[in-house]
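Report on one structure; see the data block that follows.
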Amino acid sequence: MCGIVGYIGQLDAKEILLKGLEKLEYRGYDSAGIAVTTNDGIQVFKEVGRIANLRQVVDASVETTAGIGHTRWATHGVPNYSNAHPHQSASGRFTLVHNGVIENYHLLQEELLQGVEMKSDTDTEVIVQLVEHFSNEGLETEEAFRKTLSVVKGSYALGLLDAEQPEVIFVAKNKSPLLVGVGDTFNVIASDAMAMLQVTDQYVELHDKEIVLVTSDSIQIKTLDGTTVERAPYTAELDMSDIEKGTYPHYMLKEMDEQPTVIRKIISAYTEDGELTIDPSIAQALSDADRLYIIAAGTSYHAGLVGKQYFEKIAKIPVEVHISSEFGYNMPLLSEKPLFIFISQSGETADSRQVLVKIKEMGHPSLTITNVPGSTLSREADHTLLLHAGPEIAVASTKAYVAQVAVLAITAYLEAKAKGLAVDFDLKAELAVAANAIQSVIDEKDAIKNVTDTALATTRNAFFIGRGIDYCVSMEGALKLKEISYIQAEGFAGGELKHGTIALIEDGTPVFALVSQKSVSLNIRGNVKEVVARGANPIILSMEGMEEAGDALVLPAVHELLTPLVTVVPLQLISYYAALYRGCDVDQPRNLAKSVTVE
Ligand code: F6R
């Protein structure tokens, strides 16, 4: 949800900012801008659309060694030129980029900025106008910035330039992610280390409500009340090749292809002395709980639904799975000893974080399962389990989902063993089988593309049906298709269609059916017959041993609890090919952003 960068040093700042923004495009891509300090003051370049559009309007002849940049995912105000960041104060002295949401911006505008003509519809502009307002009252810039932050309510990661102090970037953070990167003759700021890996792998974490003064050779971190904070940098363990597309046309295709490797990495990361293992304190937290509450959004929520099956079937612990944006505001009655499990690829999802904040206040223990070490949800929870999936850049989540399912399986399995429950399979071996099965599905891309082209070329809508664990995967298949191909899609429990939704079936409506569970395979085939009788075009994806003549794809058999790792893969590929066929932007679908840091 918006990405920000900043650079101050000796090199050409424009190019570093633009390259940094290109790496942050996953956070928002409806407009972008940079502001740079020059001998003639601050110059701002902005454009609607992608960074490529911004590149076209940046004056290549401008000489600058400092600046800030922003790529936007609109919250307040439509994506247009005037709402694009950076925003400037009335006199043009102060220039600001912002990621987050200022909740009381209207009130502040009415109370403190009467008579200031606003140039945009954004909440951000209020911040920069307030800095000027307090500066006009005689405060030094740092104090004016501090005073502004003391009156704004909400989330922010901010980079501020003052035309009269061009040797400093003023920085602040509350709830939105922001790092300061350390160089020899320069320093940088970025929403994500990935953006500035081009110049440094040394980063300093910022905490909420801290202000930082960044110059080319110093970084001063202070709390809002002015106390200086010392914090050592850490090395960002990111490889440039992890964040490049290489020869792939799209990140999503690269990330789907990485899935077998991700499973193997997880097996290795969670193995010690030849046995699967997790941190004993996490095992203890699970054993202490009388009920697990899985909290997540979107694809991670769908992984959570699979996790519920694992914890209940293997480890015999009752589980509730909740959508994070609902849970915080409509909390159910809790058990006596709950353990909260947050599942989040990014570890930054604001909807999930608001739940974490609330349950911490209530004194409940928490575990975050995330792909991003050091992310907010990881830092703030009591325990973390990492996904080891490598950076996921395509907006549509693929490899993180299989990683989440695999880590949930390991956690439930080890908990069952810790409780002394009889577990009649070797999960490590079964995960290795699943990795090979995923590879076999990936190797069948041509067949999957053919299925897609015939089933989805012109359809308005599509249904995904399954029963039990296949129903969980159906929902994920439908989400993938909607988000990148814009085809109206729904995932349903096979038996539920006849209770209403079957009315939507018309001649040729594609219905994807998953058949991977022996105990319900006849039932789901019965549901397929019901929709076929009403004109649907059935596309059946079955697992070896359950296949029948006419099935569109037969997937290699894996342990019945691990089928989501395999059945999801053709559904991801189907969405990918449908999006390509329809000319959609696969990696950056409309209206979306990768890391959802607003509630
Ligand atoms: C869909 C997708 C989203 C995310 C959701 C939660 O492909 O990526 O639905 O799963 O926004 O994000 P995280 O997992 O980062 O909390």
Side-chain angles (χ1 to χ4, degrees), residues 1 3 26-28 73 175-177 191-192 194 250-253 255-256 259 294-307 321-328 340-356 366-381 384-387 389-405 407-408 464 472-473 475-486 489 491 568-569 571-576 578-579 584-599:
M1 297 275 108
Y26 73 90
R27 300 181 66 86
W73 185 85
K175 295 188 192 167
S176 298
S191 304
D192 183 330
M194 214 188 271
H250 300 102
Y251 279 108
M252 185 181 175
L253 191 61
E255 289 161 7
M256 288 186 290
Q259 294 180 115
I294 295 182
I295 309 291
T299 289
S300 299
Y301 169 73
H302 294 153
L305 295 173
V306 176
V321 191
H322 291 271
I323 292 173
S324 47
S325 57
E326 283 295 308
F327 189 91
F340 282 82
I341 301 183
F342 294 85
I343 307 178
S344 174
Q345 186 286 128
S346 63
E348 298 295 345
T349 299
D351 286 328
S352 298
R353 191 193 180 217
Q354 54 93 10
V355 180
L356 177 56
S366 51
L367 159 68
T368 289
I369 300 181
T370 183
N371 202 24
V372 185
S375 57
T376 307
L377 287 171
S378 167
R379 281 201 316 268
E380 296 183 355
T384 295
L385 287 173
L386 291 176
L387 295 175
E392 189 181 65
I393 293 166
V395 164
S397 185
T398 53
K399 63 176 180 173
Y401 171 86
V402 299
Q404 288 164 344
V405 169
V407 170
L408 286 161
F464 292 76
C472 308
V473 180
M475 286 186 263
E476 174 56 10
L479 177 61
K480 282 289 90 78
L481 188 67
K482 322 184 226 216
E483 65 178 329
I484 63 168
S485 76
Y486 317 142
V568 78
V569 179
L571 302 185
Q572 297 166 342
L573 284 161
I574 283 166
S575 309
Y576 174 77
C584 304
D585 186 334
V586 171
D587 283 340
Q588 294 173 343
R590 71 182 179 208
N591 304 342
L592 293 175
K594 181 80 183 158
S595 179
V596 187
T597 52
V598 292
E599 278 179 38

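Ligands are counted one by one from 1 in listed order, and the atoms in each one are counted from 1 as well.
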### Query
S397 and T299: side-chain donor and acceptor closer than 3.5 Å?
no
#### Entry: Rounded distance [0.5 Å steps], CD1 in I295 versus CG in L367
12.0 Å
### Query
Is there a donor-acceptor contact under 3.5 Å linking the side chains of Q572 and E476?
no
### side chain to side chain contact (heavy atoms under 4.5 Å, CB included) evaluation trace for L408 with V306
CA-CA 8 Å; L408 286 161; V306 176; 5.8 Å; no
### Query
Who's the nearest protein heavy-atom neighbour of atom 7 (O) of ligand 1, and how far?
E483 OE2, 2.4 Å
### Task
Report yes or no: does a heavy atom of K480 sit under 4.0 Å from some atom of ligand 1?
yes
### Task
For ligand 1, find out whether one of its N or O atoms is nearer than 3.5 Å to an N or O atom of S300.
yes
### Task
Considering heavy atoms of the protein only, find what lies nearest to atom 15 (O) of ligand 1 and give residue, atom and distance to 0.1 Å.
S346 OG, 2.6 Å
### Query
Which heavy atom of the protein is the closest neighbour of atom 5 (C) of ligand 1, given with residue, atom name and distance?
A297 O, 3.6 Å
### Query
Say you draw a straight line from OG of S300 to CD of Q345; how long is it, rounded to the nearest 0.5 Å?
7.5 Å
### Summary
For S344, the ligand 1 atoms with a heavy-atom partner under 4.0 Å come out as 13 (P), 14 (O), 15 (O), 16 (O)
### Polar contact flag, side-chain donor to acceptor under 3.5 angstrom, Y26-D192
yes
### Message
Looking only at protein heavy atoms, which one is nearest to atom 4 (C) of ligand 1, and what is the separation?
### Response
T299 N, 4.0 Å
### Query
Judged by non-hydrogen atoms, does A396 sit under 4.0 Å from ligand 1?
yes
### Message
Just to be sure I'm reading this right: ignoring hydrogens, which of D351, I369, T349, N371 gets closest to atom 13 (P) of ligand 1? Compare them by their nearest heavy atoms.
### Response
T349
### Query
From T368 OG1 over to L386 CG, what is the distance, rounded to the nearest 0.5 angstrom?
10.0 Å
#### Entry: Nearest-neighbour protein heavy atom for atom 11 (O) of ligand 1, which is reported as residue plus atom name and distance
V596 CG2, 3.8 Å
### Steps toward ring-ring contact (aromatic ring centres under 6.0 Å, His included) verdict (Y301, H322)
CA-CA 7 Å; Y301 169 73; H322 291 271; 8.7 Å; no
### Query
Does V395 reach ligand 1, in the sense of a heavy atom lying below 4.0 Å from it?
yes
### Message
So if I count the atoms of ligand 1 from 1 in the order they appear, which ones are less than 4.0 Å from some heavy atom of S397?
### Response
7 (O), 8 (O)
